[in-house]
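This report concerns only the one structure given below.
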Protein chains: 2
Amino acid sequence: MPKETFYNLPEEKRKKIEDAAIQEFKDYSFDTSSINRIVESSGISKGSFYQYFDDKKDLYKHIISIIVEKKIKYMSPVMMNPFNHNFYTLMREIYKSGLSFAMENPQLLEIGNKLIADTTHPIYIEIIDDNKGKSDEMFELLLKNAMERGEIRENLDLKMISYILSSLNLSIVDYYTKLTNKREYNEEMMVVVEKFLDFVQYGISKIEGDGSND
Amino acid sequence: MPKETFYNLPEEKRKKIEDAAIQEFKDYSFDTSSINRIVESSGISKGSFYQYFDDKKDLYKHIISIIVEKKIKYMSPVMMNPFNHNFYTLMREIYKSGLSFAMENPQLLEIGNKLIADTTHPIYIEIIDDNKGKSDEMFELLLKNAMERGEIRENLDLKMISYILSSLNLSIVDYYTKLTNKREYNEEMMVVVEKFLDFVQYGISKIEGDGSND
DNA sequence: ATATCTTATGACTATAGAGTCATATGACTA
DNA sequence: TAGTCATATGACTCTATAGTCATAAGATAT
């Protein structure tokens, strides 16, 4: 956690430091990022930096918490009352909010991607231990509910499916990012979401499935 | 490319250097890996290293090429005559060979994962430009063939599906790695492959699909 | 034995990083 | 005006890195 001195700073100065850090962590991994560069680009002295933060890790975690907070803001309308909706409707909203966040916060997305990239890195382990297995567990809960309602087949390994769904959650962002350079909600985005959901629902086999949903 | 002096080295010494490098690149990313540590653990002098390799990148690329070569050895029996088989049979073999490689070469897997982790890293771009888009394109070709044979639905976006399939190819390894600590071919592995394929074929929707295949 | 060519060496250079600390600034208080 | 406290500073220490180079060792040929 940043020290009190950091929060005593005028908003503007604080923002400038955070922005410099975001820029740095977007361009460099935790290990290769440089506090020297950050203090330079934010116009503060080295000594000041260590009045605000314990060390590099402290700053990094602060930035990650900003990202998590913002991401949650995108999700929360969707997750208001998750069990009142059809599972596929919910999935559509989740994928949509994930894509929106990604499109509108490319820098934060990049930082997040860099973090989850190396799951063996101590910093990953430390941060994930804080925000314990969120995504997977959420999907598993929703799936359990959907199974009870008969919205999905019974012979499914829910742990595995939830793993797949949360991994597809990353894939869709990655796929769409490479496909387009739009930066806000648009129709094209929804087309991709629909196609992903169609795949999740019906697979690719010929036997059944017409792409309709809800 | 390593210099001639490297290839003139006795097999044993060469192996020792490669092993030390593999160990290092397993534990550290390209940026954080250290030639100092590599020369120390392989028992050669700093000067010698630069008689064998231009620089760190040269060594790294050499190790990556070893990985690619080995990976291809696992794949090649599967890909002997890819168009003579049912698409799902082929997918099963591809996923199986991917899992086998991962299980039997955990160190190499780790290095590969670290590489594909950060797609914005210059070293990634440079290496991928060499081995140009292999995986995605292969899946797309197989899918096109499968569609012509009527093994998959017609209303599919093949570019997207091939993206998903190659991304699931990574997911299955990741999932199984976290699930077990077995290190060779076994039944449990096949169960996971079958479940993944079942998902790919029929999705999770109730309407159809019983998990049978071929 | 001498000359030539290849390989081996590790001290050294130059660069960059994280983190420290004595000192300075400035604002607010008595 | 003098005193107190929070904040700001950047030169400095220590550590580690990649890459170089003059020198040595060894092997092979003449």
Side-chain angles (χ1 to χ4, degrees), chain A residues 1-64 114 118 121-123 126, chain B residues 1-64 114 118 121-123 126:
Chain A
M1 279 229 320
K3 298 177 184 173
E4 208 185 315
T5 49
F6 180 65
Y7 290 110
N8 291 342
L9 251 37
E11 171 95 29
E12 197 192 347
K13 189 168 184 180
R14 223 167 57 215
K15 194 88 195 328
K16 198 168 179 191
I17 295 168
E18 287 172 350
D19 285 347
I22 287 170
Q23 180 71 38
E24 178 73 11
F25 292 135
K26 182 207 76 180
D27 292 336
Y28 301 91
S29 71
F30 176 75
D31 286 320
T32 57
S33 64
S34 154
I35 287 176
N36 285 352
R37 275 194 299 260
I38 292 172
V39 298
E40 173 146 22
S41 68
S42 60
I44 62 169
S45 70
K46 197 79 173 286
S48 287
F49 178 87
Y50 285 95
Q51 302 245 31
Y52 307 147
F53 302 95
D54 286 329
D55 49 26
K56 184 156 78 160
K57 199 168 79 183
D58 193 20
L59 169 64
Y60 186 74
K61 282 179 153 186
H62 175 63
I63 299 300
I64 293 294
K114 279 190 160 61
D118 184 358
H121 197 293
I123 196 85
E126 198 171 328
Chain B
M1 278 227 325
K3 298 178 185 173
E4 208 185 315
T5 48
F6 180 66
Y7 291 109
N8 291 343
L9 252 36
E11 171 94 27
E12 197 191 347
K13 189 168 185 180
R14 224 168 54 217
K15 194 88 194 328
K16 198 168 178 191
I17 295 167
E18 288 172 349
D19 285 348
I22 287 171
Q23 179 70 37
E24 177 73 10
F25 291 135
K26 183 207 75 179
D27 292 336
Y28 299 91
S29 71
F30 176 75
D31 286 320
T32 58
S33 64
S34 155
I35 288 175
N36 284 353
R37 277 194 298 261
I38 291 172
V39 298
E40 172 145 21
S41 68
S42 60
I44 62 170
S45 70
K46 196 79 174 287
S48 287
F49 178 86
Y50 284 94
Q51 302 246 28
Y52 306 148
F53 302 95
D54 286 328
D55 49 25
K56 184 157 78 161
K57 199 168 79 182
D58 192 21
L59 168 64
Y60 186 74
K61 281 179 151 184
H62 175 63
I63 298 300
I64 293 295
K114 278 189 161 61
D118 185 358
H121 197 293
I123 196 85
E126 198 172 329

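- Dashed line: the shortest gap from a side-chain N or O of A/N36 to OP1 or OP2 of C/dA16 is not under 4.0 Å.
- We find that CG of B/N8 is positioned 9 Å from C1' of C/dT6, with the value rounded to whole Å.
- Backbone-only contact: A/Y52 has heavy atoms under 4.0 Å from sugar-phosphate atoms and none from a base.
- No contact: B/F53 has no heavy atom under 4.0 Å from any strand.
- Between C/dA16 and A/R37, no contact under 4.0 Å exists linking OP1 or OP2 to a side-chain N or O.
- Using a 4.0 Å heavy-atom criterion, one finds that B/T32 contacts no nucleic acid atom at all.
- Within 4.0 Å (heavy atoms only), A/K13 reaches sugar-phosphate atoms of the nucleic acid but no base atom.
- Between B/K15 and B/E12, no side-chain nitrogen of the basic residue sits less than 4.0 Å from a carboxylate oxygen of the acidic one, so the salt-bridge criterion is not met.
- On the nucleic acid side, DNA chain D has its first and last nucleotide under 4.0 Å of a heavy atom of chain A at D/dT7 to D/dG10, going 5' to 3'.
- Looking only at distances, no side-chain donor or acceptor of A/K16 sits under 3.5 Å from a matching main-chain atom of A/I44.
- Geometrically, A/R14 does not engage A/Y52 in a cation-pi contact defined by less than 6.0 Å to the ring centre and at most 45° from the axis.
- Residues of residues 39-50 of chain B having a heavy atom closer than 4.0 Å to DNA chain C, listed by number: B/S45, B/K46, B/G47, B/S48.
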